[in-house]
Colleague: 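After the structure tokens below, expect a handful of questions from me.
Only heavy atoms go into these numbers, but all of them, side chains included; no hydrogens, no water, no symmetry mates.
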Amino acid sequence: MGLRGRIGEVVGRRLEAYLIAKLPWAPQYAAFLDRAVQVWRTYDVRLAESILEQGGQLLPAIPDGTAQYATLRSMLGMALLVGHETTPDSGALNEAITLLDEAYDMTNRYRRSPAMAEERYLVHYVLAECLIARFLMRLEVKDFFAAQALTMPRDKILGRGELRCAPLAQHFDIALLNLNYFNATAELDHAVALGRSLMPELRDDWDWYRAASAFSSVLIEKAERTSDDELLAEAVVLAQSACEAAPDGLPTAWCLSVLSTALLSRHLGTRDLELLTEAIEAARRALGLTPEGNLGRAGSQLLLAKCLIVGASAEALPTAEELVREAASLISEALRQAPSYAEDRVAAGWMLGRVTGDDGPWDVSLRTYEAALGHLERLSGDCASVRSIEGAIRRYPGLVCEAAVTAMQCGREGLAYDWLERGRGLIIGQYLARRVDLAALGFPDRELLEETGTVTAEIEALGAGTDAIGDFLRNPPAMKPLSFREIVRTLVVDGGDSLVESRFARKVLTAWDVNHDDRLTRLKTRRQELVERIRDTPGFAWYGGIPSLDEAKAASEAGPIIVPVAGANMGYALVLSGGTIGSVPLPALSEIAVTRQVAELVKISELMTADPPAFGLNRRLDAILSWLWSDLALPVLDHLGLLRGHSGSGLWQRVWWIPTGQLSLMPVHAAHGAPADEDGPSSVLDCVVSSYAPTLRALMETRRFVSHPFGPQGLAVGLSTTPTAHRRPELPPLPSADTAARAVARLLHLESPALTDDGATRESVLASLGTAKFAHFFCHATASLDEPLDAELALYDGPLKAREIARMRGNAELAFLSGCGTGRGGTHLADEALNICSSFQAAGFRHVIGTLWPVTISTAWETSTAFYTHLGTTDAERSAEALHHSIRDRRAAGHRSLDWASHVHFGP
């Protein structure tokens with residue numbers, strides 16, 4: 001801006017201030033503003049409530065197009081946000097967001113006015129804060145994505161006058177939410193770099209404590225992931241300074257909570273009891289400053305309880321008992337606290353279940369686990385999109401398994417079954433439920449089906465835009481400008497499917513309807529009513545929910561269903577067999593043991609593709625398989641009376657494994673011990689034919705699919721070379737993969753030629769999958785331990801992701817996925833059992849064969865040809881047996897475990 005422009009801006013502001021001062025509402029506005037600033041500084045809930053009426057009277061008086069119009073709405077939004085701290089729902093937040101939406105629209109209309117610059121940033125900041133608060137209430141990620149888009153650009157923060165520390169703290173909060181709910185670790189590094197560059201410049205600002213406490217939380221997270229005690233020491237000093245600078249009341253309580261967390265984390269690394277004592281004291285002070293009826297009180301109670309539980313393990317026994325009793329009392333209060341955040345209620349139930357389960361009445365432990373799982377179930381049930389469910393459940397790894405182990409310890413196998421089905425496989429269950437064809441199963445009321453389909457489609461449309469935005473922000477495509485109207489249309493009308501190459505993601509997010517909650521609630525209520533009507537129809541009581549215990553027992557008539565569960569100290573296998581339910585104690589199957597073995601398997605998988613290749617990998621894999629045999633498979637098969645092995649004639653015994661947690665990454669079907677002797681076989685392969693399923697509900701859904709021979713309607717894909725596409729590392733050639741695909745097409749007499757190399761594009765593959773009854777892929781695949789739904793098949797012009805496949809709808813028989821790790825899930829969201837194979841099942845393939853680690857093209861080809869030979873038909877019902885015999889043949893031929901143990905079967 002030139003000199004004339006700057007003079008014009010100053011004159012314009014002075015003239016506006018002079019004219020405003022002459023208006024009749026000016027004194028009331030000035031008085032409101034003084035009190036609103038106090039709310040901003042102190043977060044005083046009573047003061048916030050008192051100014052709402054005063055501000056509401058001013059709303060009709062202040063004209064559109066003035067800075068005061070925007071400022072009034074921003075301050076009323078802030079007051080509603082502060083008042084929301086005492087309410088159990090999001091009503092105040094919805095009202096605040098509506099007001100701020102009006103201000104947002106106005107500041108956009110007058111965005112060229114210099115007088116609007118500060119107000120625009122203020123509106124963005126407060127609107128983002130309200131959206132973050134609503135996200136924490138409902139965990140609907142659309143709110144979080146919109147808040148992320150509204151944050152102040154990092155390069156603008158220092159130039160914003162008084163509005164500097166609060167937007168910087170907001171950046172830190174967004175980074176922590178990204179980390180905790182979406183596992184976005186890169187955001188943490190960006191936040192550390194941002195804090196290092198800007199914090200020294202802001203030390204004299206009145207609200208420095210906000211940025212300091214938030215940055216201290218960032219440093220704590222970074223230190224815990226890197227075991228860096230120096231970073232923790234820095235976080236402690238920063239939090240102490242924030243406590244000294246914060247106003248009395250809630251701001252000091254927040255800073256004390258951060259300080260307590262930092263001190264506790266340092267204690268856990270150093271075992272310094274003085275640090276633990278200080279952590280407990282800071283947590284007590286934080287709780288004392290957080291009033292009854294405040295949303296944050298449950299979190300303060302849980303933090304103090306956590307400190308006390310750690311103290312109980314560090315002190316002498318008499319003190320330990322007192323600390324545990326006090327911790328249990330605090331957690332019980334947190335569980336009853338109203339209002340409170342949903343995630344605090346889940347955490348409270350989990351913590352109390354642990355405390356009482358270790359040294360208290362079993363009935364109390366079971367009740368609190370039930371409460372925690374109930375809150376988690378409602379939390380995920382309120383979500384409209386898959387990414388929302390991911391965010392809701394990512395915070396609680398191990399909760400369901402811990403609860404189930406406790407139930408089995410009490411002899412409550414039926415309760416353990418109920419919890420395992422309600423708390424696991426929530427995402428894959430959603431995908432599977434959407435593709436059940438009730439008409440094909442003979443449901444008589446077509447009008448009811450049509451309305452259910454329409455309502456379900458509307459709910460999915462609300463979620464699809466969220467998922468599309470999530471995909472866009474996590475993996476933005478190459479940029480090409482689209483008009484603003486086109487972008488909004490792709491998000492809201494098309495559900496995001498055509499959201500490509502836009503430079504305007506920030507505008508898209510903020511333009512999207514942020515007040516769709518009422519519509520979503522109405523739709524979900526109506527859908528539940530329709531589902532209940534379907535369930536009331538004879539023969540369809542199973543629809544839309546988990547199978548009853550009686551249905552689960554009946555499902556085991558086809559063969560045992562085994563659900564191994566690792567607990568904190570030991571594990572159990574829940575076993576359904578012959579119409580009965582029971583459990584098998586597994587004393588050595590602890591969480592720590594499983595985590596150690598999974599880490600070793602992941603390392604082996606990585607070293608298999610190293611250059612030069614590592615030696616001794618087969619020996620290391622055999623050690624894992626031996627551990628699986630002795631600590632899991634052997635006691636379970638012994639309990640079932642299946643150690644006698646196969647007689648050599650007749651049908652083999654089928655079993656279905658439903659591994660939980662990180663056990664879902666393990667090759668239980670290939671477990672073996674020492675060579676067989678006169679006492680019987682010493683490997684699973686010699687006893688039973690194994691299949692896998694994510695949950696029992698998923699298994700029963702695939703059994704309901706109508707089975708047909710797959711005939712000539714098939715798809716064979718092979719890529720011997722894979723070009724380097726957008727955001728994909730260079731992939732090595734797969735010699736003869738194209739030849740293998742053509743050979744499969746000839747072998748099965750497919751009516752369409754194989755799609756190979758440049759013919760295997762995303763468009764051609766997706767088009768063929770829509771009608772195929774059979775599919776076989778010889779191509780690269782990439783599993784993702786952190787984001788299992790981002791696992792992908794590498795096609796000629798770009799990846800086909802697991803989440804895209806799962807959204808498809810079909811009715812197919814068999815998919816054979818010869819890529820690397822297509823059956824491997826993630827260490828994050830492990831209880832969801834998400835991988836490329838389960839995505840194909842969700843898309844409608846009854847039987848899916850994949851791999852748990854990298855395989856060579858020769859291994860893939862030899863296994864698949866042996867499989868088709870043993871299958872001997874186009875009826876996929878014998879897929880499990882055909883794969884079983886193919887694996888046994890390769891083992892008998894002297895191949896290494898690395899080469900024969902990787903292939904797995906999913907399906908009925």
Side-chain angles (χ1 to χ4, degrees), residues 328 331-332 335 345-378 380 393 396-426 429 545-553 555-556 560-577 579-591 593-594 632 635-636 639-640 656-664 693-697 699 830-833:
I331 300 167
S332 297
L335 200 56
R345 294 194 292 274
V346 177
W350 190 1
M351 287 177 69
L352 190 57
R354 275 183 170 176
V355 171
T356 55
D358 287 342
D359 193 29
W362 287 113
D363 60 330
V364 175
S365 180
L366 295 177
R367 283 201 307 272
T368 52
Y369 274 128
E370 172 62 37
L373 289 166
H375 288 309
L376 181 59
E377 191 176 26
R378 285 190 291 275
S380 60
I393 62 182
Y396 311 105
L399 167 58
V400 180
C401 293
E402 213 170 272
V405 166
T406 302
M408 285 185 274
Q409 284 177 314
C410 300
R412 301 283 300 278
E413 283 84 1
L415 184 60
Y417 161 75
D418 182 60
W419 286 349
L420 287 166
E421 286 296 305
R422 282 167 49 200
R424 297 180 58 257
L426 301 175
I546 67 170
S548 69
L549 183 57
D550 287 340
E551 290 173 317
K553 290 177 180 179
S556 70
I561 299 168
I562 305 159
V563 189
V565 186
N569 302 309
M570 66 174 293
Y572 277 82
L574 185 70
V575 178
L576 296 114
S577 178
T580 65
I581 186 170
S583 61
V584 180
L586 302 171
L589 199 73
S590 66
E591 289 177 1
V594 172
L632 196 168
V636 171
H639 170 83
L640 290 167
W656 283 265
W657 302 95
I658 304 180
T660 61
Q662 295 194 46
L663 283 168
S664 62
T695 62
L696 195 138
R697 177 187 177 184
L699 175 61
D831 264 326
E832 290 302 294

Colleague: Identify, with sequence neighbours excluded, every residue that meets side chain to side chain contact (heavy atoms under 4.5 Å, CB included) alongside Pro585.
Modeller: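 Scan of Pro585 (side chain to side chain contact (heavy atoms under 4.5 Å, CB included), adjacent residues dropped) gives Met570, Tyr572.
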
Colleague: Rounded at 0.5 Å granularity, tell me how far CG in Leu420 sits from CD in Glu413.
Modeller: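 It is 11.5 Å, given to the nearest 0.5 Å.
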
Colleague: Check the pair Ile561, Ser577 against side chain to side chain contact (heavy atoms under 4.5 Å, CB included), reporting the backbone distance first and the verdict last.
Modeller: CA-CA 6 Å; Ile561 299 168; Ser577 178; over 6 Å; no

Colleague: Test side chain to side chain contact (heavy atoms under 4.5 Å, CB included) on Glu551 and Ile546; report intermediate values, then the result.
Modeller: CA-CA 9 Å; Glu551 290 173 317; Ile546 67 170; over 6 Å; no

Colleague: Measuring from atom CG of Leu399 to atom CH2 of Trp419, what distance do you get when rounded to the nearest 0.5 angstrom?
Modeller: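 Separation between the atoms: 9.5 Å.
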
Colleague: Do you know which of Val565, Leu663, Val405, Asn569 makes side-chain contact (heavy atoms from CB on, under 4.5 Å) with Leu589?
Modeller: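 Looking at Val565, Leu663, Val405, Asn569, the match for Leu589 under the side-chain contact (heavy atoms from CB on, under 4.5 Å) is Leu663.
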
Colleague: Rounded to the nearest 0.5 Å, what's the gap from CG on Leu426 to CZ on Arg697? Could you check?
Modeller: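 Answer rounded to 0.5 Å: 9.0 Å.
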
Colleague: Nearest 0.5 angstrom please: Ile562 CD1 to Ser583 OG, how far?
Modeller: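 Nearest 0.5 Å value for the CD1-OG distance: 13.0 Å.
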
Colleague: Which atom pair, heavy atoms only, marks the closest approach of Ala573 to Val636?
Modeller: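 That closest heavy-atom pairing would be CB-CG2, 3.6 Å.
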
Colleague: What are the two closest non-hydrogen atoms of Ala404 and Ala416, and how far apart are they?
Modeller: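 Result for this residue pair: O-CB, 3.7 Å.
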
Colleague: Does the side chain to side chain contact (heavy atoms under 4.5 Å, CB included) test come out yes or no for Ile581 and Val575, once each step is laid out?
Modeller: CA-CA 6 Å; Ile581 186 170; Val575 178; over 6 Å; no

Colleague: Using atom types as modelled and distance alone, determine if a side-chain donor or acceptor of Ser664 lies under 3.5 Å from a backbone N or O of Thr660.
Modeller: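 Between the backbone of Thr660 and the side chain of Ser664 there is no qualifying donor-acceptor contact (under 3.5 Å).
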
Colleague: May I ask you to decide if Glu402's main-chain N or O and Thr406's side chain share a donor-acceptor pair within less than 3.5 Å?
Modeller: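 Yes, because the side chain of Thr406 sits within donor-acceptor range (under 3.5 Å) of the backbone of Glu402.
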
Colleague: Could you measure the distance from the OG1 atom of Thr695 to the CZ atom of Arg424? Nearest 0.5 Å is fine.
Modeller: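 These two atoms lie 7.0 Å from each other.
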
Colleague: What do the steps show when you test Leu415 against Leu366 for side chain to side chain contact (heavy atoms under 4.5 Å, CB included), and what is the final call?
Modeller: CA-CA 9 Å; Leu415 184 60; Leu366 295 177; 4.2 Å; yes

Colleague: Testing the basics here: between Tyr417 and Ser548, what is the closest heavy-atom pair and its distance to 0.1 Å?
Modeller: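 Smallest heavy-atom distance, with atoms named: OH-O, 3.8 Å.
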
Colleague: Can you tell me how far apart CG (Leu696) and CH2 (Trp656) are? Round to the nearest 0.5 Å.
Modeller: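 These two atoms lie 10.5 Å from each other.
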
Colleague: Is any side-chain heavy atom of Glu421 closer than 4.5 Å to one of Pro547?
Modeller: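 Yes. Closest side-chain heavy atoms under 4.5 Å.
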
Colleague: Could you tell me which non-hydrogen atom of Ala566 sits nearest to which non-hydrogen atom of Cys401, and how far apart they are?
Modeller: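 Smallest interatomic distance, heavy atoms only, reads O-CB, 3.8 Å.
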
Colleague: State, to 0.1 Å, how close Leu640 and Pro560 come at their nearest heavy-atom pair, and which atoms those are.
Modeller: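 Shortest heavy-atom contact: CD1-CB, 3.8 Å.
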
Colleague: With a 4.0 Å cut-off on N to O distance, would you call Arg422 and Glu370 a salt bridge?
Modeller: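 Yes.
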
Colleague: Return the minimal non-hydrogen interatomic distance between Ser556 and Gly579, and the atom names on each side.
Modeller: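 Distance-wise, the nearest heavy atoms are OG-N, 3.0 Å.
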
